[in-house]
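Written below as C-alpha cells is the structure these notes are about.
We name chains A, B, ... by the order of the sequence lines, and we start the count at 1 in each one.
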Protein chains: 2
Amino acid sequence: MNDPLTAFPGYSLRRAAHASSSELANRLAAIGLRQSDASVLMLIGANPSATASALGRHLAIQRANMVPLLKRLEDAGLIERAPIDGKSQGLALTEAGQDRLAQARQTIESFEEELFLRIPAEHREHLLPALEAIWR
Amino acid sequence: MNDPLTAFPGYSLRRAAHASSSELANRLAAIGLRQSDASVLMLIGANPSATASALGRHLAIQRANMVPLLKRLEDAGLIERAPIDGKSQGLALTEAGQDRLAQARQTIESFEEELFLRIPAEHREHLLPALEAIWR
DNA sequence: TATTGTTATACTCTATAACTATA
DNA sequence: TATAGTTATAGAGTATAACAATA
C-alpha cells in the first residue's frame with residue numbers, strides 16, 4: 001500500500017510511542033501496574049513527601065486525574081498520605097510500595113534497554129536529545 | 001523535582017509523542033478533522049478503492065474502530081463507498097474530500113516542518129530511522 | 001475456513017468546569 | 001488571590017467478542 005504518512009517524523013513518533021507503550025504496558029500489567037502508576041511510584045520514590053499537584057505538574061497529569069490514580073495506589077497499600085499543612089498532603093511509599101517500585105524499576109529498565117538496543121547503533125545516542133527537543 | 005524518568009528514551013518518546021500529537025490535533029480541529037480522519041483521508045487519497053480493512057491494518061486501527069470513523073467521514077460527505085464484490089467496499093474521496101485532504105495535507109506538512117526544525121540540526125536526520133526501528 | 005463489515009461494549013486516557021478549604 | 005484536593009462529566013482512543021454474509 002502506498003503510504004505518504006511514514007515519511008513524517010511526527011507520524012512515526014506516534015506509531016513508535018504507541019508500539020513501545022503497549023509493550024511496556026503489557027509487562028507492567030503482569031505486576032499489577034499501569035504506566036501512570038509506575039511513573040508515579042518512581043517519582044514518589046525519588047521525591048518523598050511530594051504533593052499530588054506537584055507530581056501531576058511534573059508528569060503532565062492533571063490534578064483532577066491524579067485523584068483516582070492515587071486512590072488506587074492507596075487502596076492497594078502502595079502509598080500513604082501525611083498532611084503537610086491544612087491543604088497539602090505529602091505522599092510516601094509504604095513498604096509494599098517500595099517492593100512494588102523495585103519490581104517496576106526492573107521491568108522498566110530491562111524494557112528500556114531492549115528498546116534502546118533495537119535502534120541501529122549509529123542512531124542510538126541521537127534519539128533522546130531529539131525527543132527532548134520536542135517536548136521539554 | 002528529582003526525575004528518574006527523563007533518562008529513559010521510552011518515557012521521552014511518550015512525552016514527545018503526546019506533546020506533538022496534541023499540537024497537531026489542535027491544528028486539524030480547526031479544519032474539522034481528527035488525526036485519524038486526516039490519516040485515513042491521506043491514505044485513501046494515495047490508494048483509491050482501498051478497503052476499510054486494508055486501511056485499518058495499515059494504520060493499526062482495528063476493523064471495528066474503522067466503522068464509526070468512516071461513517072463520520074461519509075456523513076460529512078468526504079468519502080464514498082463502492083462495492084467491489086459482495087463483501088468488500090472500495091473507498092474513494094468525494095470532491096469535498098479531495099479539498100479537505102488538500103487542507104489537511106498543508107496543515108500536516110507545515111506542522112511536520114516546524115517539528116523537524118525544533119530538533120537540533122545534528123540530531124535531525126537520525127530521528128526518523130531511529131523511530132522506524134522501534135515500530136516497523 | 002478465512003475475511004469483510006458490523007454491532008455492542010468496556011476500559012483507559014485526557015480535558016474541563018466547578019466546588020470547598022486553605023495559603 | 002492563588003493553590004490543593006476533590007467531584008462530576010465528557011470526549012477520544014483502544015480492545016475484545018460476537019455475528020452474518022461472502023470469498
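Going from atom CD1 of A:Ile61 over to atom C1' of C:dT14 covers 10 Å, rounded to whole Å. In this structure, CG of A:Leu70 is placed 13 Å from P of C:dC13, rounded to the nearest angstrom. Atom CG in A:Leu69 sits about 15 Å away from atom P in C:dA15, given to the nearest Å. Between the P atom of C:dT7 and the NZ atom of B:Lys71 lies a distance of 9 Å, rounded to the nearest Å. Atom CG in B:Asn26 sits about 15 Å away from atom P in C:dT14, given to the nearest Å. Taking atom CG on A:Leu59 and atom P on C:dT14, their separation rounds to 11 Å, with Å as the unit. When the P atom of C:dA15 is taken as reference, atom CD of B:Glu23 falls 13 Å away, rounded to whole Å. What separates CD1 of A:Ile84 from C1' of D:dT3 is a distance of 13 Å, to the nearest Å.
Nearer the 5' end of DNA chain D, as judged by each residue's closest nucleotide, is the contact made by A:Ser88, out of A:Ala64 and A:Ser88. When the nearest nucleotides of DNA chain C are assigned to B:Lys87 and A:Arg72 by heavy-atom distance, the more 5′-ward of the two goes with B:Lys87. Nearest-nucleotide positions on DNA chain C for A:Gly86 and A:Gln35 put A:Gln35 closer to the 5' end.
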Given A:Leu55 and A:Ile61, is the side chain to side chain contact (heavy atoms under 4.5 Å, CB included) satisfied, shown in steps? CA-CA 8 Å; A:Leu55 294 178; A:Ile61 301 175; over 6 Å; no
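Taking only side-chain nitrogens and oxygens, A:Arg81 comes nearer than 4.0 Å to OP1 or OP2 of D:dT6. Residue B:Ser53 places at least one side-chain N or O under 4.0 Å from the OP1 or OP2 atom of C:dG5. In this structure, A:Arg34 reaches the C:dC13 phosphate: one of its side-chain N or O atoms is under 4.0 Å from OP1 or OP2. Within the 4.0 Å cut-off from OP1 or OP2 of D:dA15, at least one side-chain nitrogen or oxygen of B:Gln62 is found.
Using a 4.0 Å heavy-atom cutoff across all strands shown, B:Arg57 reaches sugar-phosphate atoms only and no base atom.
Within the 3.5 Å criterion, the main-chain N or O of B:Phe116 finds a donor-acceptor partner in the side chain of B:Arg124. With hydrogens and angles disregarded, a donor-acceptor distance shorter than 3.5 Å links the side chain of A:Arg118 to the backbone of B:Ile134. Here the side chain of A:Asn2 pairs no donor or acceptor atom with the backbone of B:Asn47 at under 3.5 angstrom. Within the 3.5 Å criterion, the main-chain N or O of A:Gln89 finds no donor-acceptor partner in the side chain of A:Thr51.
Inter-axis angle, ends of the helix from C:dT1-D:dA23 to C:dA23-D:dT1, five pairs per end, rounded to 10 degrees: 20°.
Closest to the A:Asn65 side chain, of the nucleotides D:dA4, C:dA15, D:dG13, is C:dA15. Distances from the side chain of B:His18 to the nucleotides C:dG5, C:dT14, C:dT16 place C:dT14 closest. For A:Ser36, the side-chain atoms get nearest to C:dC13 when compared with the rest of C:dC13, C:dT4, D:dA15. Comparing C:dG5, D:dA23, C:dT16 by their closest approach to the side chain of B:Thr51 singles out C:dG5. In this structure, the nucleotide among C:dA18, D:dA18, D:dA17 sitting nearest to the side chain of A:Arg63 is C:dA18.
With respect to the salt-bridge test (charged N to carboxylate O, under 4.0 angstrom), the residues B:Arg27 and B:Glu23 qualify.
Taking CD of B:Glu112 as the start and CZ of B:Arg105 as the end, the distance is 13.5 Å to the nearest 0.5 Å.
Classification of the B:Tyr11-A:Trp135 ring pair by plane angle, with boundaries at 30° and 60°, yields perpendicular.
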